[in-house]
Amino acid sequence: MPFEHSGEIDAAASENLYRIRHSLAHVLAQAVLEMREGATLGFGPPIQDGFYYDFVLPEPITEADFPDLERRMRRILKKGQRFYQEELPKADAFARINEMGEPYKREYAEELCEKNGLESLSFYRNGPFLDMCEGPHVDTAKDIPRDAFKIRSVAGAYWRGDSKNTMMTRIYAWAFEDKAALDAHVEAYKLAQERDHKKLGKELDIFTIDNEIGRGLPLWLPNGTVIRDELEKLARELEFADGYQRVATPHIAKQDLFYRTGHLPYYADDMYPPIEVLEESEHGDVVKEAYVLKPMNCPHHHKIFASSLRSYRELPLRLAEYGHVYRFEDSGAVGGLLRVRGMCMNDAHIYCTEEQIADEFRNVIALYDRAYSILGLTGYSLRLSCWDPEDPQGKSKYVDEPEAWESSQAALRTILNELELDYVEAKGEAAFYGPKIDVQFPTVTGREESVSTVQLDFAIPKRLDLKYIGPDGDEHVPYCIHRAPFSTHERFVAFLIEHFGGAFPTWLAPVQVRVLTVSEQFDEYAHRLVAELRADFVRAELGSTSDTVSKKIREGTTRKIPNLLIVGEREVEANEVTLRRYGIREQTTMPFETFKQKLRETIDTRALSFIL
RNA sequence: GCUCACAUAGCUCAGGCGGUAGAGCACUUCCUUGGUAAGGAAGAGGUCAUCGGUUCAAAUCCGAUUGUGAGCACCA
């Protein structure tokens with residue numbers, strides 16, 4: 001499901017596994033053709049943890065058909081069919097494809113011959129099934145384990161990944177070299193789903209989405225708001241240390257501003273439609289004004305830059321804001337906190353001279369590094385997102401300044417190389433105004449999402465006529481670096497929930513300490529502890545008072561509260577507390593003052609684990 | 001936006017081949033004052049997403065709408 005749809009698997013996957021998966025795809029197709037006469041074939045490649053095959057079906061296949069489909073596949077495997085390759089010259093190949101009656105295979109064959117100049121095409125046959133296919137495959141179906149694959153899901157997918165084309169039915173399956181590997185993978189997958197931010201977000205009361213508010217417009221509950229506030233506090237501190245200045249801007253602006261920046265022609269579809277208001281001028285004329293919800297903060301920040309005459313001595317000028325932006329994402333894209341229509345972004349814009357770009361980028365990347373190491377985030381990858389000069393809609397997708405694109409991309413590449421960072425380059429992933437470095441995180445289901453981004457903007461400052469006076473006394477246009485290490489609260493918290501499995505480190509946890517009493521007669525002591533902790537700005541609370549100790553511990557644990565304090569007669573007498581940390585069975589009893597100090601230190605240092 | 005699936009109490013779910021619903025948890029009250037992952041009892045809580053159709057009768061069958069999920073497309 002989640003994988004790159006290129007159909008390629010990573011190099012680490014063994015050649016044998018590749019053959020097994022690829023061959024199983026043919027077996028799946030064979031079984032589907034048995035079940036649905038008249039089905040036509042699309043592509044059926046191996047992928048990261050299995051394979052898929054695309055079909056146009058006369059009757060839909062649903063989850064209810066999976067057992068039957070798997071049974072048929074096993075029956076086919078049992079026959080031990082050999083996989084034969086045939087290489088046919090072009091004319092014969094097309095004759096055969098016509099015979100097969102496969103319009104999509106034909107389309108692809110034509111492209112292979114025309115664009116790639118192939119003179120012959122490869123076919124694979126196993127039993128009655130014939131497919132135009134490059135291979136490689138196993139020699140015989142006997143080489144494919146019968147119990148190491150599992151149909152996973154069915155979904156729509158456009159032919160050749162283009163929404164203008166037919167929607168096909170894609171059947172995904174897991175496949176491995178043996179049953180143990182399959183079972184382990186399925187188990188890991190289920191475990192990962194337990195960490196789904198939508199599930200945990202509900203269980204831990206982090207956010208909710210209400211239909212009457214609107215799709216993609218999450219409501220942050222008190223617990224979630226604590227996490228946002230803590231992240232924002234951390235961002236503020238890191239940014240302060242790096243010389244950023246905070247600003248605040250409204251959520252809306254006149255529509256004309258976004259025409260001037262270029263957002264509107266490029267991104268009208270992604271913006272909420274304008275709010276039109278009638279305003280009476282001083283002469284009594286009624287004037288119609290249109291306002292839009294801002295889809296990004298940059299124009300507002302640019303206007304702050306433009307609010308006074310700037311000297312090169314003020315640069316780099318770093319303006320930061322956790323700003324709210326609104327984007328009208330397609331209904332099918334919206335889901336949970338990962339894709340929303342209203343979000344709060346850890347935004348900042350750095351205005352600098354050309355000579356300062358490299359240093360500023362390095363500083364920003366160092367800031368990312370600090371932020372991620374505090375949070376213990378490691379599983380990310382970097383992507384240098386470039387424009388695609390050959391994009392058919394290139395002119396409407398990217399600013400048309402080829403030289404600026406090339407030089408700015410080269411600049412980013414140099415920085416990444418100098419810092420010896422691993423990254424992949426991706427064509428056609430740039431912002432319309434410039435290239436960017438994206439930080440990609442995998443979701444619980446394995447799909448990659450861009451979380452954070454650093455962008456180099458060579459276009460918009462010029463459009464908004466931003467300028468500073470250089471040492472030469474002339475006006476110059478500054479460059480602008482857009483950056484958001486903490487992404488949006490929405491997306492970043494979603495990833496943090498999944499990263500921590502809902503068990504946040506103390507400094508980030510909505511409830512940091514819950515005090516449990518052995519019996520109600522110790523409530524007064526417990527109240528005192530809570531009050532003292534709260535006076536020290538610790539998010540402490542009293543557990544329920546009428547349940548059994550077991551029950552209270554269970555509740556505290558299922559809420560994933562990092563620190564439970566248990567107090568009874570022993571503790572009251574010695575002015576102590578018994579600490580039970582999340583996920584750790586063994587407990588420690590210590591003087592309350594000691595606990596308070598350790599806790600303070602844990603919070604202040606934003607420790608990932610309790611220091612005790 | 002597209003394909004497929006799903007929608008029953010605050011949550012997790014059962015049931016229903018047509019005769020207006022059930023469990024556990026949570027909630028409220030009472031009993032219990034209990035030392036390490038669910039003490040006991042009672043109570044309250046639902047037009048079975050919405051609208052329409054078929055029918056003597058619809059929560060159940062059909063259709064549309066809305067919402068949700070997986071994936072595709074999109075993604076500043």
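Below, chain A is the first sequence line, B the second, and so on; all start at residue 1.
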Trainee: What is the distance, rounded to the nearest whole Å, between atom CG of A:Asp65 and atom P of B:rC4?
Mentor: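 These atoms are roughly 13 Å apart.
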Trainee: Please list, by residue number, the residues of residues 449-456 of chain A whose heavy atoms come closer than 4.0 Å to an atom of RNA chain B; answer none if no residue qualifies.
Mentor: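 Residues of residues 449-456 of chain A under 4.0 Å from RNA chain B: A:Gln455.
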Trainee: Would you say A:Glu63 has more than 12 foreign heavy atoms packed within less than 6.0 Å of its CD?
Mentor: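 No - once you tally the heavy atoms of other residues, nucleotides and ligands closer than 6.0 Å, there are 12 at most.
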Trainee: Rounding to an integer number of angstrom, what distance separates B:rA70 and B:rC48 when you compare their P atoms?
Mentor: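 To the nearest whole Å, 28 Å.
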Trainee: Tell me which nucleotide among B:rA37, B:rA5, B:rU3 gets nearest to the side chain of A:Thr62.
Mentor: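 Given the options B:rA37, B:rA5, B:rU3, the side chain of A:Thr62 is closest to B:rA5.
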Trainee: For RNA chain B, whose closest nucleotide is more 5', that of A:Asp196 or that of A:Asp269?
Mentor: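 It is A:Asp196, whose closest nucleotide lies nearer the 5' terminus.
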Trainee: Take the protein atom CE of A:Met296 and the nucleotide atom C1' of B:rA76, then report the distance between them rounded to whole Å.
Mentor: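 Roughly 3 Å, once rounded to whole Å.
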Trainee: Would you indicate which nucleotide in B:rC72, B:rU36, B:rA38 comes nearest to any side-chain atom of A:Met167?
Mentor: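 Among B:rC72, B:rU36, B:rA38, the one nearest the side chain of A:Met167 is B:rC72.
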Trainee: Would you mind classifying the nucleic acid contact of A:Thr557 as base, sugar-phosphate or nothing, using non-hydrogen atoms under 4.0 angstrom?
Mentor: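 Since a base atom lies under 4.0 Å of A:Thr557, the category is base.
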Trainee: Enumerate, in order of first residue number, the stems that involve RNA chain B, defined as 3 or more consecutive Watson-Crick or G-U wobble pairs with both distances under 3.5 Å.
Mentor: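 Expected stems, ordered by start: B:1-7 with B:66-72, B:10-13 with B:22-25, B:27-31 with B:39-43, B:49-53 with B:61-65.
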Trainee: When you get a sec, tell me which of B:rU36, B:rA76, B:rC75 is the closest nucleotide to the side chain of A:Arg491?
Mentor: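 Out of B:rU36, B:rA76, B:rC75, the nucleotide with an atom closest to A:Arg491's side chain is B:rC75.
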Trainee: Just the rounded figure in Å: distance from P of B:rC75 to NE2 of A:His263.
Mentor: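 Rounded to the whole Å, the gap is 14 Å.
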Trainee: Using the ring of A:Tyr52 (Phe, Tyr or Trp, six-membered ring only), decide whether A:Arg170 places NZ or CZ under 6.0 Å from its centre and within 45 degrees of its axis.
Mentor: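 Yes, A:Arg170 sits over the ring of A:Tyr52.
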Trainee: Give me the distance, rounded to whole Å, that separates B:rU60 from B:rG71 when you measure between the P atoms they each carry.
Mentor: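 Result for the P pair: 30 Å, nearest Å.
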Trainee: Within the distance-only criterion (no hydrogens, no angle test), does the side chain of A:Tyr351 pair as donor or acceptor with the backbone N or O of A:His302 below 3.5 angstrom?
Mentor: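 Present.
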Trainee: Near A:Glu425 CD, under 6.0 Å, is it more than 12 heavy atoms from other residues, nucleotides or ligands?
Mentor: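 More than 12 within 6.0 Å, yes.
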Trainee: Taking A:Arg559 for its side chain and A:Glu203 for its backbone only, find out whether a donor-acceptor pair lies under 3.5 Å.
Mentor: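 Yes, A:Arg559 side chain to A:Glu203 backbone: donor-acceptor pair under 3.5 Å.
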Trainee: So which of residues 324-340 of chain A are in contact with RNA chain B, with a heavy-atom cut-off of under 4.0 Å?
Mentor: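 A:Arg327, A:Asp330, A:Ser331, A:Gly332, A:Ala333, A:Gly336, A:Arg339 - these, ordered by number, are the residues of the stretch whose heavy atoms sit under 4.0 Å from the strand.
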Trainee: Check whether A:Tyr189 forms a cation-pi arrangement with A:Arg152 (NZ or CZ under 6.0 Å from the six-membered ring centre, at most 45° off the ring normal).
Mentor: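 Flagged: A:Arg152 positioned over aromatic ring of A:Tyr189.
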Trainee: Which label fits A:Trp174 and A:His185: parallel for a plane angle under 30°, tilted from 30 to 60°, or perpendicular past 60°?
Mentor: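 If you compare the ring of A:Trp174 with that of A:His185, the planes turn out perpendicular.
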Trainee: Tell me which nucleotide among B:rA73, B:rG69, B:rG35 gets nearest to the side chain of A:Lys198.
Mentor: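 Among the listed nucleotides, the one closest to the side chain of A:Lys198 is B:rG69.
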Trainee: Send over the distance from A:Gln521 CD to B:rG35 P, rounded to a whole Å.
Mentor: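 Distance, rounded to whole Å: 11 Å.
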Trainee: Are A:Phe432 and A:His263, when compared by the centres of their aromatic rings, separated by less than 6.0 Å?
Mentor: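 Yes; A:His263 has its ring centre under 6.0 Å from that of A:Phe432.
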Trainee: Could you state the NZ-P distance from A:Lys560 to B:rA37, rounded to the nearest angstrom?
Mentor: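 Rounded to the whole Å, the gap is 17 Å.
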Trainee: Identify, residue by residue, the members of residues 202-222 of chain A with a heavy atom below 4.0 Å from RNA chain B, and return them in order of residue number, or none.
Mentor: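 Here the set is A:Lys202, A:Asn211, A:Arg215.
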Trainee: Which residues pass the ring pair (Phe, Tyr, Trp, His ring centres under 6.0 Å) test with A:Phe458, not counting sequence neighbours?
Mentor: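 In terms of ring pair (Phe, Tyr, Trp, His ring centres under 6.0 Å), with neighbours along the sequence ignored, A:Phe458 is linked to A:Trp405.
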Trainee: Identify, with sequence neighbours excluded, every residue that meets ring pair (Phe, Tyr, Trp, His ring centres under 6.0 Å) alongside A:His324.
Mentor: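 Residues passing ring pair (Phe, Tyr, Trp, His ring centres under 6.0 Å) with A:His324: A:His251.
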Trainee: Could you tell me the separation between the CZ atom of A:Arg170 and the C1' atom of B:rA70, rounded to a whole number of Å?
Mentor: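 So the CZ-C1' distance, A:Arg170 to B:rA70, works out to 13 Å.
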Trainee: Would you mind reading off the distance between A:Asp162 atom CG and B:rC2 atom C1', rounded to a whole angstrom?
Mentor: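 Roughly 12 Å, once rounded to whole Å.
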Trainee: For the base of B:rG35, is there a side-chain donor-acceptor partner from A:Glu571 under 3.5 Å away?
Mentor: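 Per atom types, the contact qualifies.
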Trainee: Measure from the side chain of A:Lys551, starting at C-beta and using heavy atoms only, and say which of B:rA76, B:rA37, B:rA26 lies closest.
Mentor: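 Within the option list, the nearest is B:rA26.
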Trainee: Over all strands shown, is A:Ser519 touching base, sugar-phosphate only, or nothing at heavy-atom distances under 4.0 angstrom?
Mentor: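 Base: the residue A:Ser519, judged by heavy atoms under 4.0 Å, touches a nucleobase.
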Trainee: Rounded to whole angstrom units, what separation is found between the CG atom of A:Asp547 and the C1' atom of B:rC31?
Mentor: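 The distance from CG of A:Asp547 to C1' of B:rC31 comes to 14 Å, rounded to the nearest Å.
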Trainee: Here's a test of your reading of the structure: between A:Pro295 and A:Glu569, which maps to the more 5' nucleotide of RNA chain B?
Mentor: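 Final value for this comparison: A:Glu569.
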Trainee: Determine, using ring centers only, whether A:Tyr53 and A:Phe55 are less than 6.0 Å apart.
Mentor: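 For A:Phe55 and A:Tyr53, the ring centres are under 6.0 Å apart.
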Trainee: At 4.0 Å (heavy atoms only), tell me whether A:Glu520 reaches a base, stays on the sugar-phosphate, or touches nothing.
Mentor: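 Base contact - A:Glu520 has a heavy atom under 4.0 Å of at least one base atom.
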Trainee: So what does A:Lys552 touch, heavy atoms closer than 4.0 Å: a base, only the sugar-phosphate, or nothing?
Mentor: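 Here A:Lys552 touches no strand at all.
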Trainee: Parallel, tilted or perpendicular: which one describes the rings of A:His489 and A:Tyr322, with boundaries at 30° and 60°?
Mentor: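 The rings of A:His489 and A:Tyr322 lie parallel, inter-plane angle below 30°.
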Trainee: Using modelled atom types and a 3.5 Å cut-off, is there a donor and acceptor pairing between side-chain atoms of A:Arg327 and backbone atoms of A:Pro295?
Mentor: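 Side chain of A:Arg327 to backbone of A:Pro295: a pair is present.
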Trainee: Would you say the base of B:rG71 and the side-chain of A:Tyr158 have a donor-acceptor pair closer than 3.5 Å?
Mentor: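 No pair found.
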Trainee: Can A:Asp438 and A:Lys436 be counted as an ion pair, charged N to O under 4.0 angstrom?
Mentor: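 Judged by the 4.0 Å cut-off on N to carboxylate O distance, A:Asp438 and A:Lys436 do form a salt bridge.
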Trainee: Do A:Asn575 side-chain atoms and A:Pro591 backbone N/O form a donor-acceptor pair below 3.5 Å?
Mentor: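 Pair absent, no side-chain N/O of A:Asn575 close to backbone of A:Pro591.
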